[in-house]
Amino acid sequence: MAGSTEAGTEHVAEDGHEHRSRWPLLAAAGAASLYLSIGLVFVGFDLVPSVVPIVLGGAGAIGLLTGLAGWANEAFIADYLRNRSDGDSDLYATTMILFLVSDVATFSAGFVYYAFIRAGSWPPAHLPPLLGSLVVINTALLLASSVTLHYGHEALEDGNRDRFLGLLGVTLALGVVFLAGQVYEYYEFVAVEGFGIGSGAFGSAFYGLTGLHGLHVALGVLLLAIAFGRALRGHYAPERDTAIRTTSLYWHFVDFVWVFLVVVLYVGAAL
């Protein structure tokens with residue numbers, strides 16, 4: 001029965017009754033457990049047995065991934081398989097915006113930590129050359145991916161399937177190359193410069209912020225890969241673009257955060 005289906009966070013189904021989804025709650029609980037486990041690691045194993053953050057982190061990761069997968073399936077894939085329209089597109093877009101607002105708080109905590117570091121003794125004892133051609137290339141790649149995704153979405157709305165597929169594929173490729181560039185940057189800093197996460201307060205701030213952003217990019221690449229796979233199967237049309245719309249919101253947010261991160265962390269550290 002279509003009316004018994006849960007979708008999004010809450011919406012009015014075809015039978016006129018409201019249904020609530022449990023998946024976002026599971027994802028939020030998993031994320032909270034994962035964050036708590038990371039915090040306990042920094043507290044130190046002298047005060048907290050090592051098994052506690054391991055168990056919390058494992059359970060949190062499973063809960064977060066399961067919740068996100070269930071939510072995505074419920075909101076987009078299941079509805080498509082039942083041949084339903086995108087009548088709840090605005091609801092899903094609003095839900096994504098609310099999620100991104102909460103994500104701003106997560107990144108803000110890291111930037112506040114970095115601000116306290118800058119207010120203290122500066123520069124740190126070991127500061128590698130952060131500004132170089134690699135960060136410029138990575139920034140250009142990520143900005144270009146926002147442009148290709150934007151025009152790809154426009155092509156979908158115009159009914160140009162080939163152009164949509166091409167630009168979505170290019171966006172996915174640019175995201176993968178960006179991640180590869182960040183991995184190579186980490187290798188250069190750790191293996192060549194001897195600059196790691198244990199290199200003082202600045203090292204923890206640098207890898208904490210760039211690692212958190214890299215995690216978001218990796219999730220975005222996964223969303224783009226799923227969207228591209230569905231696009232190849234013809235799941236999208238001008239009137240059925242909710243998944244592309246919400247994924248675009250997420251990807252543009254990730255790109256904006258990267259630009260802010262480069263200005264504050266890379267350029268700012270050199271000043």
Side-chain angles (χ1 to χ4, degrees), residues 2 5-14 19-21 23-24 27-28 67-104 107 141-176 178 213 215-259:
T5 302
E6 298 171 345
T9 51
E10 177 181 346
H11 75 283
V12 180
E14 292 176 346
H19 297 278
R20 298 175 183 273
S21 173
W23 295 114
L68 290 175
W71 193 5
N73 174 72
E74 185 179 81
F76 307 125
I77 300 176
D79 274 356
Y80 175 82
L81 295 177
R82 282 188 297 276
N83 197 29
R84 294 177 61 181
S85 65
D86 271 4
D88 294 315
S89 177
D90 289 341
L91 173 64
Y92 296 141
T94 302
T95 303
M96 174 60 77
I97 291 172
L98 291 175
F99 167 75
L100 295 178
V101 168
S102 68
D103 226 19
V104 170
F107 277 102
L141 290 173
L142 214 52
L143 291 177
S145 70
S146 265
V147 174
T148 55
L149 185 56
H150 171 76
Y151 284 106
H153 190 194
E154 280 196 352
L156 173 64
E157 292 177 331
D158 293 337
N160 191 334
R161 183 175 184 272
D162 290 340
R163 180 176 173 82
F164 163 62
L165 283 173
L167 290 173
L168 185 60
V170 170
T171 304
L172 175 59
L174 289 172
V176 171
F178 174 86
H213 180 267
L215 180 63
H216 279 73
V217 174
L219 177 58
V221 166
L222 176 61
L223 293 176
L224 289 170
I226 294 173
F228 187 65
R230 293 185 60 196
L232 291 174
R233 293 170 174 79
H235 285 197
Y236 302 118
E239 69 281 357
R240 187 188 292 276
D241 67 340
T242 298
I244 301 300
R245 184 180 175 189
T246 52
T247 299
S248 295
L249 286 171
Y250 177 87
W251 192 253
H252 295 323
F253 168 80
V254 168
D255 289 3
F256 172 79
V257 171
W258 174 254
V259 173

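Keep in mind the model is a prediction, meaning the values are calculated, not measured. Along the sequence shown, the residues carry numbers beginning at 1.
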Point-to-point distance, once rounded to the nearest 0.5 Å, from OG of Ser248 to CG of Leu168: 8.5 Å
Side-chain donor-acceptor pairs under 3.5 Å in residues 154-167, sequence neighbours left out?
from: Glu154; atom 1: OE2; to: His150; atom 2: NE2; distance (Å): 3.3
from: Asn160; atom 1: OD1; to: Arg163; atom 2: N; distance (Å): 3.2
from: Arg161; atom 1: NH2; to: Ala231; atom 2: O; distance (Å): 3.1
from: Arg161; atom 1: NH2; to: Leu232; atom 2: O; distance (Å): 3.1

Residues forming a ring-ring contact (aromatic ring centres under 6.0 Å, His included) with Phe107, sequence neighbours excluded: His216
ring-ring contact (aromatic ring centres under 6.0 Å, His included) against Trp251, all qualifying residues, sequence neighbours excluded: none
Any side-chain heavy-atom pair of His153 and Arg245 under 4.5 Å: yes
Distance-only donor-acceptor check, side chains Thr148 and Thr171, under 3.5 Å: yes
Closest heavy-atom pair and its distance - Ala225, Leu172: N-CD1, 3.8 Å
Check: Tyr250 and Leu219 side chains under 4.5 Å, non-hydrogen atoms: yes
Side-chain heavy-atom pair Leu142, Leu174 within 4.5 angstrom cut-off: no
Parallel, tilted or perpendicular, as decided by the 30° and 60° cut-offs, for the rings of Phe178 and His213: perpendicular
Rounded distance [0.5 Å steps], OG1 in Thr247 versus CD1 in Ile226: 8.5 Å
